[in-house]
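In the text below, chain A, chain B and the rest are named by the order of the sequence lines, each starting its count at 1.
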Amino acid sequence: MHDLKAIRDNPQAFDDGLARRGLAPLSARLLELDSRRRTAQTRFQEMQARRNELSKQIGILKRQGQDASAVMAEVAELKDKVPAMEDEDKALGAEIDALLAAIPNLPAEDVPDGPDEEHNVELRRWGTPRDFDFQPLEHDALGEKSGLMDFDSAAKMSGARFVVLKGALARLERALGQFMLDVQTGEHGYTEVNPPILVKDDALFGTGQLPKFGDDLFRANTGHWLIPTAEVPLTNLVADKILDEAALPMRMTALTPCFRSEAGAAGKDTRGMIRHHQFWKVELVSIAHPDRSDEEHERMTGCAETILQRLGLPHRTIVLCTGDMGFAARKTYDIEVWLPGQGRYREISSCSNCGDFQARRMKARLKADKGNRLVHTLNGSGLAVGRTLIAVMENYQQADGSILVPEALKPYMGGVEAIR
RNA sequence: GGAGAGGUGCCAGAGCGGUCGAAUGGGCCGGUCUCGAAAACCGGUGUGGGGGCAACUCCACCGUGGGUUCGAAUCCCACCCUCUCCGCCA
C-alpha cells in the first residue's frame, strides 16, 4: 500500500515507479480523488464540529434548567445533512482505498529495468555442476524408478500436482526440513515459530495477496484461507503493533506446508513435483528498522544460500528486474539451483525486501520520538523443501539410479547413506 | 455444541448517557536530589486523518459493523475474538 501523502508530494516519482513496472500513470486520478475527498471530509468535519458544539450547549442549558429547544431545533436541521455528507466522504475514501490496495510496490532504485524474466541479472554463482559419465535423469524418473515417488496414487486421491513420497525419500524430505530449520535457528539467529496455516482475509490483505490474488489461493468453507507461504502468518505477527527499536531486527522462521492453486500455471511444469498444490517450505521473515532493511536483505539472502552450500548444490543468485517482481516487493533476489536432469537452473528461493509496503497495510510501526515510523518487512525462502529434495536427487544420483545422501543430511537420515 | 464472564491507551486497570480522549498504577522520556547510581519527588507521554509556514486547531477512534439520542466508551442489535465451566474430541 502506498502513502497518499508521498504521492501528493511527488506524483512524478510515483508515476515513474509505476512506469518501471510497466504500468500506466495513476497519480493524476488518485490526486483528483484525494482532493475531492479532502474537500468532502473538511465539510463533513466542520459540520460535525458545529453539531458537537451545539450538543454541548444543550447539555449546559439543560443542567441549568433552561430551555434548549431553539438549539435543539438548529442541531436537528443540521442533522438532515449528515447522511449525505458522510456518504460522500466514505464513498470517496473507499474508492481511493480500493485503488491503492491494487497498486503494487514500486521498485527500488537499483533494481534493473525490464519487462520479463529475460531481463533479470545474474549476480553470482556458487559451485560447479557435476560432470556425469551417464545421462542424468530428472527427479520424477528417478523417483518412479525407486518406487518411492508415486504420482499415480496421488492423482487418484487428489488429482494433478500432488505426490506421495515413501520410505527413505519421505524421510529425506523430513530431513531437509529439519536441517534447514536447525541452521536458520541455530546459526542465523532466527526464532522458530509454529504458526497457523489457515488465516483470515485481513492477514492476506496485510501481506498483499488480497484483494488481487485470491484466485491463487485455496479457501476453506469456513472462510479461512490456506496459506500460500508462511510469510503470511509470520509477517502478520507484527500487524497493528508498535515496536520498540530494541526489538529490531525481529527474525522469525517456520517450517510449514504451503498451498497454491496454481490457477495461472496451467500446462506449466505439469510433470514431476516442481510446481505442486502443496509443498513444504522453510520461510524466513525479518522485521527490520526502516534505515537498515537493505543490509538485512543481503544477510537474509546469504542465510538462504548457506543451505545450498552446506548441501553442496550448485546455484546462482539473480536480481529480478522490475517486470518480474512480485506485488509487494521493492527488490527481490532469486536463488536458482542447478538441476542436472533438466540441465538448467531453477528457482528454489525468493528473498524480497518489501520496504514499508506491507507494514502500511498491516499497521506495523516502530516507536519513534516524533511520529511513529513504519517498519520494513522482508521475507525469503530458506528454502523450498520440495524443490531442494528434487535438487538433491538430481545432483546426487548414481548411474544405477540410487541417490547418495549429502554429508550434511546424514545426521538426519538415521544411518541411511544412499536411497535406492 | 451448551452455560457464564469479558474485550478500554505501550502494559495493567477504572469509567452516573453530557467539561471523558478517557481516573489510577506500571513502563518510557525529561528534570530535581546525588561524586555517580538507586530510591524519592516534580513534569511529560495514545493512534490515525484534515487545515495551518508555525504556534495551534478541528475530526475520528474505548473489539467490528449497525441502531437509539440534540449528545454514546457508557443504552439496543448483530458479528468477531478471549477466558471459565460442562460436553465432545486428535
- Item | Nearest-angstrom distance, C1' atom, rC28(B) to rG9(B) | 14 Å

- How many Å lie between CE on M85(A) and P on rC59(B), as a whole number? 14 Å

- Message: Could you check whether N395(A) and W338(A), counting side-chain N and O atoms only, form a donor-acceptor pair closer than 3.5 Å?
- Response: no

- Note on the structure: Rounded to whole Å, the CG-P distance (L78(A) to rC59(B)) equals 13 Å

- Using heavy atoms to find the nearest nucleotide of RNA chain B for R365(A) and R8(A) separately, return the residue whose nucleotide is more 5′. R365(A)

- Task: Give a yes/no verdict on a cation-pi contact between R387(A) and F279(A), requiring under 6.0 Å between NZ or CZ and the six-membered ring centre and an angle within 45° of the axis.
- Result: no

- Message: Strictly by Watson-Crick or wobble contacts shorter than 3.5 Å, is anything paired with rG21(B), and which nucleotide is it?
- Response: none

- Item | Distance in angstrom units between E46(A) CD and rG52(B) C1', rounded | 13 Å

- Rounded distance (Å) that lies between atom P of rC79(B) and atom NZ of K200(A): 15 Å

- Once the angle between the rings of F213(A) and F327(A) is folded into 0 to 90°, is it parallel (under 30°), tilted (30 to 60°) or perpendicular (over 60°)? perpendicular

- Message: Looking at rU47(B), which nucleotide sits across from it as a Watson-Crick or G-U wobble partner, both distances under 3.5 angstrom, or is there none?
- Response: rA60(B)

- Query: Between the base of rG49(B) and the side chain of Q45(A), is there a donor-acceptor distance below 3.5 Å?
  - Reply: yes

- Query: Once you round to the nearest 0.5 Å, how far does CD1 of I197(A) lie from SG of C258(A)?
  - Reply: 8.5 Å

- Do N379(A) and C351(A) have side-chain heavy atoms sitting under 4.5 Å apart? no

- For E77(A), look at atom CD and say whether over 12 heavy atoms of other residues, nucleotides or ligands are found less than 6.0 Å away. no

- Quick one: what's the B/S/- string for nucleotides 61-75 of chain B, heavy-atom cutoff under 4.0 Å, read 5' to 3'? -----S---BS----

- Pick the C1' atom in rA3(B) and in rG87(B), then give their distance to the nearest Å. 11 Å

- Please state the P separation for the pair rC29(B) and rA38(B) - nearest whole angstrom. 11 Å

- Query: Taking the same atom, P, in rA14(B) and in rG25(B), what whole-Å distance lies between them?
  - Reply: 15 Å

- Message: Taking only the C1' atom of each, what is the distance from rA78(B) to rA23(B) in whole angstrom?
- Response: 32 Å

- Item | Short N-O contact, E296(A) and R251(A), less than 4.0 angstrom | yes

- R360(A) CZ to rG49(B) C1', straight-line distance once rounded to whole Å: 14 Å

- Query: Should rA55(B) form a Watson-Crick or G-U wobble pair with both distances under 3.5 Å, which nucleotide is its partner?
  - Reply: none

- Message: I need the CZ-P distance between R37(A) and rG51(B), as an integer number of Å.
- Response: 11 Å

- Item | Between C1' of rC81(B) and CG of L198(A), the distance in whole Å | 17 Å

- Query: Nearest nucleotide by nearest heavy atom, which residue falls closer to the 5' end of RNA chain B, I60(A) or T42(A)?
  - Reply: I60(A)

- Pairing nucleotide - rG30(B), Watson-Crick or G-U, each distance under 3.5 Å: rC42(B)

- Task: Report the distance from atom NZ of K241(A) to atom C1' of rG46(B), rounded to the nearest whole Å.
- Result: 17 Å

- For rG87(B), give its Watson-Crick or G-U wobble partner with both distances under 3.5 Å, or none. none

- Strand partner of rA5(B), provided both Watson-Crick or wobble distances fall under 3.5 Å: rU82(B)

- Item | rA60(B) versus rG71(B) - spacing of their C1' atoms, nearest Å | 16 Å

- Nearest to the side chain of R38(A), which nucleotide is it out of rC80(B), rG50(B), rC59(B)? rG50(B)

- Query: When you check the phosphate oxygens OP1 and OP2 of rG18(B), does a side-chain N or O of N52(A) lie under 4.0 Å from one of them?
  - Reply: no

- Message: Under a 3.5 Å threshold, yes or no: a donor from one side chain and an acceptor from the other, between S350(A) and D334(A)?
- Response: yes

- Could E417(A) and K410(A) be called an ion pair, given the rule that one side-chain N must be under 4.0 Å from one carboxylate O? yes

- Query: Taking the C1' atom of each, how far is rG13(B) from rG17(B), in whole Å?
  - Reply: 23 Å

- Message: If I pick the C1' atom on rC10(B) and the same atom on rG44(B), what distance separates them, to the nearest angstrom?
- Response: 15 Å

